[in-house]
Amino acid sequence: MTSNDLDWEFEELSTSGTFATFKSLGDSYTGRIERFSLDGGTDFDGNPVPLLVLATVDGTVKITGSQASLRRQMTDLATRLTVGHGCKVTYDSDYETKHGTKGKSFAVAVTPKPVAPIVPTYSDDEAPF
């Protein structure tokens, strides 16, 4: 028997997703937590940082805690960032860092109970297959 003789059905699993970008005040991502890890992401220098993966109506979004404020929030809320719960991450203000540069401040909100799975919707010309 060779591998060509096997008549198996496979489900394609996606590990991809779009990395979140927070360019303007008020930018936010809302979705169902698919994965969270305190050290699953990396910052710009390759250091481990928290990684939050959300299923949204637009598809999978990865949010890394590379910004100091976001890393602090994700670390403080680690026990509440549970797979299946809803989560919203918002860029809500700016502040001056100790180096005199602009830092971004974030608000992270989590639902108290799990939420229903989110299924992205696509128009016929956007369908992924």
Side-chain angles (χ1 to χ4, degrees):
M1 177 183 267
T2 68
S3 60
N4 292 335
D5 296 329
L6 301 175
D7 188 24
W8 292 348
E9 281 189 40
F10 289 94
E11 178 181 346
E12 190 172 319
L13 301 176
S14 174
T15 57
S16 65
T18 303
F19 279 95
T21 57
F22 296 93
K23 294 182 180 181
S24 303
L25 283 174
D27 284 354
S28 68
Y29 293 90
T30 302
R32 182 176 189 265
I33 299 171
E34 296 295 307
R35 190 173 77 209
F36 175 72
S37 170
L38 281 170
D39 58 2
T42 55
D43 66 11
F44 300 110
D45 296 324
N47 299 311
V49 297
L51 173 67
L52 175 65
V53 180
L54 298 179
T56 73
V57 294
D58 296 321
T60 302
V61 175
K62 297 177 182 180
I63 302 173
T64 58
S66 54
Q67 299 272 344
S69 168
L70 187 53
R71 180 171 45 250
R72 210 170 20 256
Q73 291 253 356
M74 292 168 97
T75 301
D76 290 348
L77 293 172
T79 59
R80 296 206 42 226
L81 295 171
T82 306
V83 170
H85 286 247
C87 184
K88 181 176 184 178
V89 179
T90 305
Y91 169 23
D92 69 349
S93 65
D94 294 319
Y95 66 94
E96 186 174 328
T97 68
K98 63 183 176 183
H99 303 292
T101 59
K102 180 179 90 170
K104 295 178 180 179
S105 183
F106 295 87
V108 179
V110 183
T111 62
K113 296 180 181 178
V115 298
I118 295 174
V119 178
T121 55
Y122 299 100
S123 65
D124 289 340
D125 58 336
E126 295 179 310
F129 303 105

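Count residues from 1 along the sequence. Being a predicted model, the structure only gives us computed values, none of them experimental.
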Contacts of type ring-ring contact (aromatic ring centres under 6.0 Å, His included), residue Y29, not counting sequence neighbours: F22

Spacing of Y95 atom OH and K102 atom NZ [to the nearest 0.5 Å]: 11.5 Å

Joint cluster assignment, V110 & L54, ILVMFWY side-chain distance < 4.5 Å: yes

hydrophobic_cluster_shared for V53 and V115, side chain cutoff 4.5 Å: no

Same apolar cluster (I L V M F W Y, side chains within < 4.5 Å links), I33/M74: yes

Flag, side chain of Q73 to backbone of F106, donor-acceptor distance under 3.5 Å: yes

Nearest-0.5 Å distance, CG of residue L81 to CG of residue L51: 11.0 Å

Distance in Å, C87 SG paired with E34 CD, rounded so as to fall on 0.5 Å steps: 12.0 Å

Between OG1 on residue T21 and OH on residue Y91, distance to nearest 0.5 Å: 12.0 Å

From T18 atom OG1 to I63 atom CD1, the distance as rounded to the nearest 0.5 Å: 11.5 Å

Spacing of R71 atom CZ and D76 atom CG [to the nearest 0.5 Å]: 12.0 Å

V108 reachable from I118 in the ILVMFWY side-chain graph, under 4.5 Å edges: no

Sidechain-backbone polar pair: R32 side chain, H85 backbone, donor-acceptor under 3.5 Å: no

Extract all donor-acceptor atom pairs below 3.5 Å that involve side chains of residues 36-49 and protein atoms in other chains or at least two apart in sequence.
unit_1, atom_1, unit_2, atom_2, d
S37, OG, D39, N, 3.3
S37, OG, D39, OD1, 3.1
S37, OG, G40, N, 3.1
D43, OD1, D45, N, 2.9
D43, OD1, G46, N, 3.0
D43, OD1, N47, N, 2.8
D43, OD2, N47, ND2, 3.3

Any donor-acceptor N/O pair, T90 side chain to D92 backbone, under 3.5 Å: no

Within one Ile-Leu-Val-Met-Phe-Trp-Tyr cluster: L52 and V61, side-chain cutoff 4.5 Å: yes

